[in-house]
Enquirer: 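Have a look at this one.
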Amino acid sequence: MSDPPPETAGMRSRFARHLDPVALGLTVTAAPHGARSIATLELPPAEFDWRDYAAMLLHVAAEIEHTLMVEYLFAAYSLGGPDVPASLAGKVREWQEIILGIAKEEMGHLVTVQNLLTAIGAPLNLDREDYPFGSPFYPFAFSLEPLTLGSLAAFVCAESPPSWSGDEADEIRDRAAEDEGADVIGVEVLYTKITELLGDPHRIPDTVFQAQTVPFQASWDEWGRGYAPGAEGPEAANVPGTPAPDLLILEIWSRDSAVAALKQVSEQGEGLEPSDAGERSHFERFIGIYRELATLDADALGRVTRRVASNPTTGEAIPGAAPGHAITHPEALWWGHLFNLRYRMLLTNLSHAFALAGPDAQSRRGRLIHRTFSEMYNLRSIAGMLVMLPLSESNPEQLNAGPPFQMPYTLELPRREHDRLLLQRDLLGAAAVLVSRLRPLTAERGERYLTALEQSDRLALEQIEVMLG
């Protein structure tokens with residue numbers, strides 16, 4: 001067995017903060033309404049060779065998939081509330097479930113990008129910028145916003161195929177540009193560039209693709225169960241008629257498998273027509289919601305979402321950073337801290353699962369995968385608490401809090417498995433402290449959830465103690 005692939009880098013986006021498109025040799029051509037393309041390079045950019053350049057582009061892709069997943073989750077969590085007209089309650093619930101399903105599929109894209117990085121021997125990247133750098137590849141500046149026609153237009157454009165045109169396309173692109181303050185770039189531009197690069201044997205030789213890394217990659221058998229088309233059971237959608245998410249977890253062992261994986265990810269995101277199995281792309285699903293929202297009058301449009309603060313944070317705003325709203329209401333603040341911790345636990349479990357390979361680690365990896373999905377449901381439950389609580393005690397704008405999705409100080413794992421288990425134990429210990437702080441502040445619904453969370457964490461801690469022992 002070959003050496004395992006490198007672990008996830010610990011410092012957030014070292015390359016990202018200094019990425020200058022001109023210095024990298026990127027020629028970006030822009031057409032009206034955001035259509036862009038990246039010129040083919042004859043030589044690799046300065047300070048890169050082709051394999052390393054491919055790894056850098058895949059790191060950008062990973063950050064984008066992570067960012068879109070978080071933004072979609074926030075938008076979905078903002079939908080609903082007591083002001084939704086009775087005639088729209090079922091439709092709003094359907095929109096929420098569709099967007100949550102897209103966010104879960106983005107997690108599948110994120111995992112597949114990790115497999116691509118593993119296959120070419122590059123470090124993993126599960127990170128994202130809180131406020132991403134300027135790059136010709138990013139669809140739009142990162143921001144956590146309640147769902148509006150403007151933010152939804154940006155989602156449509158980010159997932160749009162290059163061939164999308166016509167009066168409706170122009171109207172949506174104009175609305176997205178007005179909402180974002182700039183044209184919104186389609187993710188397809190980046191995936192086309194990566195596909196072109198990995199598909200070129202003159203720049204990326206066959207030897208770059210390492211079939212022996214497959215045991216270190218995520219597999220659909222482990223990660224995709226319950227998410228097949230038409231799936232029933234606990235992973236199926238909660239709204240009748242809304243299909244379960246279709247997670248793409250694709251293993252990479254050759255050039256052909258890499259190009260095929262990139263094509264499938266692109267088609268799920270930007271396809272103009274339903275797939276052979278009848279599945280609609282992210283673009284089709286978002287534009288379907290947009291068309292329905294656009295028929296509402298101003299009053300109804302303002303009542304389908306809660307008054308959730310944009311860019312909520314558990315700390316004071318940082319000078320020079322994008323504007324945000326500090327959560328200061330006592331109960332909401334501690335729910336915000338618990339949300340951030342469970343978000344970190346999700347990313348840690350995901351990274352830890354990638355660090356384990358081989359038949360001896362199968363059961364441990366399975367437990368981590370199970371806990372990763374459990375944390376997704378924890379995030380949804382805690383977000384449900386936050387969007388119903390006020391942002392502050394003195395709150396003239398009458399804004400509610402929201403899930404902050406703040407990144408941890410590091411995602412780097414310890415090198416030894418024993419120390420990784422100690423980290424898992426530390427996170428569970430921190431969660432227990434937050435639960436104890438929340439108990440005196442929360443109402444009955446929150447108390448029931450905290451009791452269930454405490455029981456689940458106790459079982460996880462017992463498993464860790466057995467492995468440590």
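What's counted below: heavy atoms across the whole structure, side chains too, no hydrogens, waters or symmetry copies.
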Enquirer: Are the charged groups of Glu65 and Arg128 less than 4.0 angstrom apart, N to O?
Expert: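 No, Glu65 and Arg128 are not salt-bridged.
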Enquirer: Could Arg203 and Glu196 be called an ion pair, given the rule that one side-chain N must be under 4.0 Å from one carboxylate O?
Expert: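 Yes.
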Enquirer: When you compare the side chain of Arg255 with that of Pro201, does any pair of heavy atoms fall below 4.5 Å?
Expert: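 Answer yes - side chains close enough.
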Enquirer: Heavy atoms, side chains only, cut-off 4.5 Å: are Val187 and Leu68 in contact?
Expert: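 Yes, at least one pair of side-chain atoms sits under 4.5 Å.
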Enquirer: Before you tell me yes or no, could you show the steps for Glu105 and Arg285 under salt bridge (charged side-chain N to carboxylate O under 4.0 Å, His left out), namely the whole-Å CA-CA distance, both residues' side-chain angles and the distance that decides it to 0.1 Å?
Expert: CA-CA 12 Å; Glu105 290 176 353; Arg285 281 175 267 175; 2.7 Å; yes
Enquirer: Test salt bridge (charged side-chain N to carboxylate O under 4.0 Å, His left out) on Asp457 and Arg342 and set out the steps.
Expert: CA-CA 11 Å; Asp457 283 356; Arg342 304 314 296 207; 2.8 Å; yes
Enquirer: Verify whether one side chain among Thr442 and Glu331 offers a donor that lies under 3.5 Å from an acceptor in the other.
Expert: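 Yes, side-chain donor-acceptor contact under 3.5 Å.
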Enquirer: I'd like to know if the side chain of Asn311 reaches the main chain of His325, judged simply by a donor and an acceptor atom lying under 3.5 Å from each other, with no hydrogens or angles considered.
Expert: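 No, the answer is negative, given that no donor and acceptor are paired below the 3.5 Å cut-off.
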Enquirer: Do Tyr377 and Ser374 have side chains that get closer than 4.5 Å, going by heavy atoms?
Expert: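 They are not in side-chain contact.
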Enquirer: For Ile120, does its backbone N or O pair with a side-chain atom of Arg51 as donor and acceptor, under 3.5 Å?
Expert: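 Yes: the side chain of Arg51 pairs with the backbone of Ile120.
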Enquirer: Using a strict 4.0 Å threshold on nitrogen-to-oxygen distance, state whether Arg380 and Glu375 make a salt bridge.
Expert: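 Salt bridge: no.
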Enquirer: I would like to know whether Gln455 and Arg458 meet side-chain hydrogen bond (donor to acceptor under 3.5 Å, both in side chains); could you show each step before the answer?
Expert: CA-CA 5 Å; Gln455 292 171 347; Arg458 188 178 298 117; over 6 Å; no
Enquirer: Can a donor-acceptor pair be found between the side chains of Asn340 and Gln406 at a distance below 3.5 Å?
Expert: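 Present: a donor and an acceptor within the cut-off.
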Enquirer: Does the ring center of Tyr72 lie less than 6.0 Å from the ring center of Phe286?
Expert: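 Yes, the ring centres sit under 6.0 Å apart.
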Enquirer: Regarding Lys104 and Asp246, does a basic nitrogen lie under 4.0 Å from an acidic carboxylate oxygen?
Expert: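 No salt bridge links Lys104 with Asp246.
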Enquirer: Would you say the side chains of Asn349 and Gln424 form a donor-acceptor pair under 3.5 Å?
Expert: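 Yes, because at least one side-chain N or O of Asn349 sits under 3.5 Å from a partner of the opposite role on Gln424.
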Enquirer: Kindly give the heavy-atom pair with the smallest separation between Pro312 and Gly402, and that separation in Å.
Expert: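 Heavy atoms of Pro312 and Gly402 come nearest at CG-O, 3.5 Å.
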Enquirer: Report the C-alpha distance between Thr348 and Ser351 in whole Å, list the side-chain angles of each, state the deciding distance to 0.1 Å, and finish with yes or no for side-chain hydrogen bond (donor to acceptor under 3.5 Å, both in side chains).
Expert: CA-CA 5 Å; Thr348 300; Ser351 182; over 6 Å; no
Enquirer: Measure the shortest side-chain to side-chain distance between Thr148 and Thr305 over non-hydrogen atoms and say whether it is less than 4.5 angstrom.
Expert: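 Not touching, per the 4.5 Å side-chain cut-off.
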Enquirer: Ignoring hydrogens and geometry beyond distance, is a side-chain donor-acceptor pair present between Arg439 and Thr451 at under 3.5 Å?
Expert: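 Looking only at side-chain atoms, Thr451 and Arg439 do form a donor-acceptor pair, the distance falling under 3.5 Å.
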Enquirer: According to side-chain contact (heavy atoms from CB on, under 4.5 Å), who are the partners of Thr192, at least two apart in sequence or on a separate chain?
Expert: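 Residues passing side-chain contact (heavy atoms from CB on, under 4.5 Å) with Thr192: Glu188.
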Enquirer: Starting at CD1 of Ile249, measure out to OG1 of Thr112 and round the result to the nearest 0.5 Å.
Expert: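 Reported to 0.5 Å precision, the distance equals 5.0 Å.
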Enquirer: For the residue pair Pro404 and Leu386, establish whether any side-chain heavy-atom pair is separated by less than 4.5 Å.
Expert: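 Yes. Closest side-chain heavy atoms under 4.5 Å.
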Enquirer: Does Asp127 reach the side chain of His66, with side-chain heavy atoms less than 4.5 Å apart?
Expert: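 In short, these two side chains do not touch, never coming nearer than 4.5 Å.
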Enquirer: Might you work through the ring-ring contact (aromatic ring centres under 6.0 Å, His included) test for Phe405 and Phe74, ending with a clear yes or no?
Expert: CA-CA 9 Å; Phe405 281 106; Phe74 191 94; 7.1 Å; no
Enquirer: May I ask you to decide if Ser254's main-chain N or O and Ser257's side chain share a donor-acceptor pair within less than 3.5 Å?
Expert: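 Such a contact is found between Ser257 side chain and Ser254 backbone.
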Enquirer: I want to know whether His282 and His109 have ring centres closer than 6.0 Å.
Expert: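 Ring centres of His109 and His282 closer than 6.0 Å.
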Enquirer: Does a donor on one side chain and an acceptor on the other come within less than 3.5 Å for Glu63 and Thr67?
Expert: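 Judged by distance alone, the side chains do not pair up.
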Enquirer: Heavy atoms, side chains only, cut-off 4.5 Å: are Lys263 and Thr195 in contact?
Expert: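 They are not in side-chain contact.
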Enquirer: May I ask you to check whether Phe354 and Phe216 place their ring centres under 6.0 Å from each other?
Expert: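 No, they do not, as the ring centres are separated by 6.0 Å or more.
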